[in-house]
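What follows is one structure encoded as structure tokens, with my remarks underneath.
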Amino acid sequence: MDIHNIDVKEMKRTEVNQVLQEGKVGSEILVKGWVKAFRANRFISLNDGSGFNNLQVVVDFENYPEELIKRISFHSCISVKGELVESQGAGQKFELVAKEIEILGDSNAGDYVLQPKKMTPEYLREKAHFRMRTNTFSAVFRIRHAVAFAIHKYYNDNGYYYMHTPIITGSDAEGAGEMFRVSALDPDNAPKGEDGKVDYKQDFFGKATNLTVSGQLQAEIGALALGKVYTFGPTFRAENSNTSRHLAEFWMIEPEVAFCDIHGDMDLAEDFSKYLIKYVLDNYPDDLKFLENRILDMEKQMPKEQRRPMPLIETLNFVIENDFERITYTEAVNILRSSKPYKKGRFEFDVEWGKDLQAEHERWLVEKKFKKPVIVVDYPKDIKSFYMRLNDDEKTVAAMDVLFPGIGEVIGGSQREERLEFLQKRMAEMDIPEHELWWYLELRKFGGCPHAGFGMGFERMVQFITGMSNIRDVIPFPRVPGSAEF
RNA sequence: GCCUCUUUAGCUCAGCUGGUUAGAGCGCCGGACUGUUAAUCCGUAGGUCCAAGGUUCGAGUCCUUGAAGGGGCGCCA
């Protein structure tokens, strides 16, 4: 705790969370934080970010100069020394009777862009430098941290190695979407080759390079040496995606496991997902409760059919207590084709074997048919990536998607094609030159083995756990087409 | 990339088939009150109606173009 205290000469600062959990009545303490509310000139709700709950500071305003009292305003930063007593009010156990108050940072309410009232997420998105001070966003970002921590804990406790795959990649065959070019050349004066195109041989790396779209191919290198590895890092897609579920810069978790088939992969995906949810349920109940109430409050003004079927915490508990539904792509197609909305022509897109399932189909399966997370496995090979293992029917590959209610695809994974000749055939069919991935092919020539893995969209998981409807509200500084402020 | 909606006070919004001085709630500010929990009560101030053109005697309201934001779809995690 000392490490947080810059004022060692006076008194150790106690964090609000610690006061609320283990405060001793009668003790003299020093707290610092931001004013969330100042009621009746007497009651300050103080929060220092250490937890969701505030400490009530009682100010006998009669004993303080009016000038000081006026400076205690919304989100001003103060330091308070006082005595902890049992609260006379009903809303809290303890309260701090102030003996000394110091203003650390003023916040003139008339000029401040935040107000002590409900503000829309869209408005707050434009004030990203302040939005973490609100109840909603501080809860979201505490939970974001919790999920990140739980990821490392899960894999460490299960014998995985955290592997750092490159952010800048020299391979443009990862096959996961449009990439951001990385170049040190002067764009206005780039050297040109004989063909008139930019000559990247003269660029920093001696070749064209991009920001990674996935660490999977490199993670396979790790898995075929260390057995079980995972990556957790930023990933970039230059797709012009304008939705509430896409970011141009997002974080992805990619475990890769040797001696694992598609069934083991699905087991891992389910167990891992449940672990993350349970970790937040166990450790951040106050933040979750607040987010749940926030949603219930918003839904009061919505028609019934647009409301969530269950409140947030109940949804999370339901997910960890029940098995995910597992169906093959072929079964999914059959179920969809015999469904009511299909027969009544309610779907915008047709369902036909060989075509990818559309969002509306996935949503129906998850939210209407099974009412829980669904894992769809064994997709037609022609709609999936080159590295996915061909099944014995030679029509499908051992690929799976985990679909969550309200979000859709949170995880996409597969058993990898470990058989060299099958992989080469697939790459040829998809026009991927072997020299681009020579090292990837060599993994199949020397000591290859069956292995599998998946990618989980970190922000999508945080979205599911927090119930936030827009992915831009679960990452501190969202990067989306046309927007890179902050 | 496509479709759609929105843009009026600091914030969230209302403003009828075009018609004088532009409305509310909350917030801010001022006052009252003081054991509050989104405190309460009273009052004041605050607006180039997103921008540029156009139609009209007259435009917040209608038309065109543009900008910003939301929602949906596609692509995916």
Side-chain angles (χ1 to χ4, degrees), chain A residues 36-45 53-62 69-70 73-74 85 87-92 95 97 107-127 135 174-178 213-216 231-232 234-254 269 293-294 297 301 306 347-349 356-363 383-385 401-404 407-413 454-464 469-473 475 480-483 485:
Chain A
K36 298 289 165 163
F38 188 25
R39 286 181 291 271
N41 260 6
R42 193 181 292 282
F43 304 99
I44 300 172
S45 289
N53 293 303
N54 304 320
L55 176 66
Q56 172 150 291
V57 175
V58 182
V59 184
D60 290 318
F61 61 90
E62 303 88 344
I69 295 295
K70 280 197 171 158
S73 62
F74 183 59
V85 301
S87 179
Q88 295 173 35
Q92 56 284 316
E95 60 193 24
V97 177
S107 182
N108 184 288
D111 300 331
Y112 189 44
V113 293
L114 299 196
Q115 299 177 3
K117 56 173 293 199
K118 282 217 173 69
M119 291 167 287
T120 60
E122 293 79 25
Y123 177 73
L124 290 168
R125 225 171 274 156
E126 293 171 1
K127 321 287 178 201
N135 287 332
E174 287 167 10
E178 290 296 311
V213 292
S214 163
Q216 180 204 314
T231 74
F232 179 25
T235 312
F236 308 87
R237 304 272 164 93
E239 305 282 352
N240 190 12
S241 299
N242 294 289
T243 81
S244 57
R245 297 178 304 281
H246 288 86
L247 292 164
E249 177 181 302
F250 65 100
W251 288 62
M252 188 153 64
I253 305 104
E254 296 178 285
N293 287 337
R294 173 184 173 276
D297 213 49
Q301 295 156 37
Q306 282 176 33
F347 287 134
E348 190 188 337
F349 294 90
D356 212 351
L357 300 178
Q358 299 296 311
E360 58 177 350
H361 307 138
E362 295 181 346
R363 215 177 306 129
I383 57 172
K384 287 291 181 182
S385 302
D401 283 354
V402 183
L403 312 173
F404 270 69
I407 312 280
E409 186 179 347
V410 170
I411 291 173
F454 62 76
M456 170 189 279
F458 178 61
E459 282 79 12
R460 287 188 183 173
M461 185 47 100
V462 177
Q463 247 188 303
F464 179 71
S469 53
N470 195 311
I471 201 166
R472 295 164 200 204
D473 297 328
I475 187 167
V480 295
S483 169
E485 194 67 56

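Here is the naming used below: chain letters follow the sequence lines, and residue numbers restart at 1 for every chain.
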Mind checking the P distance from B:rU37 to B:rC26? Whole angstroms is fine. 16 Å
B:rA52 versus B:rC57 - spacing of their C1' atoms, nearest Å: 23 Å
Checking base pairs now: Watson-Crick or wobble, both atom distances under 3.5 Å. What partners B:rU61? none
Between B:rU6 and B:rA59, how far apart are the P atoms? Round to whole Å, please. 22 Å
Can a side chain N or O of A:S241 be found less than 4.0 Å away from OP1 or OP2 on B:rC76? no
CZ of A:F38 to CD1 of A:I44, rounded to nearest 0.5 Å, is 5.0 Å
What's A:F349 touching, base or sugar-phosphate or nothing? Going by heavy atoms closer than 4.0 Å. sugar-phosphate
Watson-Crick or G-U wobble partner of B:rC2, both distances under 3.5 Å: B:rG72
Whole-Å distance, A:D111 CG to B:rC29 C1', equals 12 Å
What contact category does A:A359 fall into here, base, sugar-phosphate, or nothing, at under 4.0 angstrom with non-hydrogen atoms? sugar-phosphate
Which is more 5' along RNA chain B, the nucleotide nearest A:Y112 or the one nearest A:E348? Just name the residue. A:Y112
May I ask you to say what A:S244 touches in the nucleic acid, namely base, sugar-phosphate or nothing, with a heavy-atom cut-off under 4.0 Å? sugar-phosphate
Check the distance between B:rG72's P and A:E360's CD and give it to me in whole angstrom. 14 Å
For A:N41 and A:Q115, take the nucleotide of RNA chain B holding the closest heavy atom to each; which residue's nucleotide lies nearer the 5' end? A:Q115
Answer with base, sugar-phosphate or nothing: what part of the nucleic acid does A:Q358 contact at a heavy-atom distance below 4.0 Å? sugar-phosphate
Could you tell me whether the phosphate oxygens of B:rU36, OP1 or OP2, come under 4.0 Å of any side-chain nitrogen or oxygen in A:R39? no
Salt bridge between A:K118 and A:D297, side-chain N to carboxylate O under 4.0 Å? yes
Which whole number of Å gives the distance between the P atom of B:rA14 and that of B:rG25? 16 Å
What's A:E95 touching, base or sugar-phosphate or nothing? Going by heavy atoms closer than 4.0 Å. base
Base of B:rA77 and ring of A:F250 stacked, centres under 5.5 Å, planes under 30°: yes
Atom CD1 of A:I471 and atom C1' of B:rC76 are separated, to the nearest Å, by 11 Å
Min side-chain heavy-atom separation A:F74-A:Y112 under 4.5 Å: yes
Using a 4.0 Å heavy-atom cut-off, does A:T120 contact any base of the nucleic acid, only the sugar-phosphate backbone, or nothing at all? sugar-phosphate
Spell out, as yes or no, whether a donor-acceptor pair under 3.5 Å connects the side chain of A:R460 to the backbone of A:E409. yes
For B:rA45, give the paired nucleotide (Watson-Crick: N1-N3 plus N6-O4 or O6-N4; G-U: N1-O2 and O6-N3; both under 3.5 Å), or none. none
What is the distance from CG of A:N242 to C1' of B:rU4, rounded to the nearest Å? 13 Å
If you take atom types as modelled and just measure distance, does the side chain of A:Q88 reach the base of B:rG35 with a donor-acceptor pair under 3.5 Å? yes
In whole Å, what separates the C1' atom of B:rC50 from that of B:rG60? 12 Å
A:S45 versus A:Q56, side-chain donor and acceptor atoms under 3.5 Å: no
Checking contacts here: which listed nucleotide (B:rG69, B:rC73, B:rC11) is nearest the side-chain heavy atoms of A:K117? B:rC11
Which nucleotide in B:rC75, B:rG70, B:rA77 has an atom nearest any side-chain atom of A:E122: B:rG70
Rounded to whole angstrom, note down the C1' distance from B:rC2 over to B:rU12. 31 Å
Of the listed nucleotides B:rA77, B:rG1, B:rU37, the one nearest the side chain of A:L247: B:rA77
What is the nucleic acid contact for A:G412, judged by heavy atoms within less than 4.0 Å: base, sugar-phosphate only, or nothing? sugar-phosphate
Touch class at under 4.0 angstrom, heavy-atom based, for A:N470 against every strand present: sugar-phosphate
Who does B:rG18 pair with, Watson-Crick or G-U, both distances under 3.5 Å? none
How far, in whole Å, is B:rG58 from B:rU20 if one measures between their C1' atoms? 11 Å
Using 0.5 Å steps for rounding, measure from the CG atom of A:N135 to the CG atom of A:N54. 6.5 Å
Just how far, in rounded Å, is P of B:rU34 from CZ of A:F61? 8 Å
Below 3.5 Å, does any donor atom in the side chain of A:R245 face an acceptor in the base of B:rA77, or the other way round? no
Quickly work out the A:L124 CG to B:rG10 C1' distance and round it to whole Å. 13 Å
Can you tell me the Watson-Crick or wobble partner of B:rA67, both distances under 3.5 angstrom? B:rU7
For B:rC73, take OP1 and OP2 only and decide whether either is under 4.0 Å from a side-chain N or O of A:R363. yes
Minimum-distance nucleotide to A:A109 side chain [options: B:rC28, B:rG35, B:rC73]: B:rC28
Give a yes/no on whether any side-chain N or O of A:Q92 is located under 4.0 angstrom from OP1 or OP2 of B:rU37. no
Measure from CD on A:Q306 to C1' on B:rG71 and round the result to the nearest Å. 11 Å
Look at the side chain of A:H246 and the backbone N and O of A:I471, then say whether any donor-acceptor pair between them is shorter than 3.5 Å. no
Between B:rG70 and A:R125, is there an OP1 or OP2 to side-chain N/O distance shorter than 4.0 Å? yes
A:D473 and salt bridge (Lys or Arg N to Asp or Glu O under 4.0 Å): which single residue from A:R245, A:R125, A:R294 fits? A:R125
Output the distance between atom CD (A:Q216) and atom CE (A:M252), rounded to the nearest 0.5 Å. 8.5 Å
B:rU7 C1' sits how many Å from A:Y123 OH, rounded? 15 Å
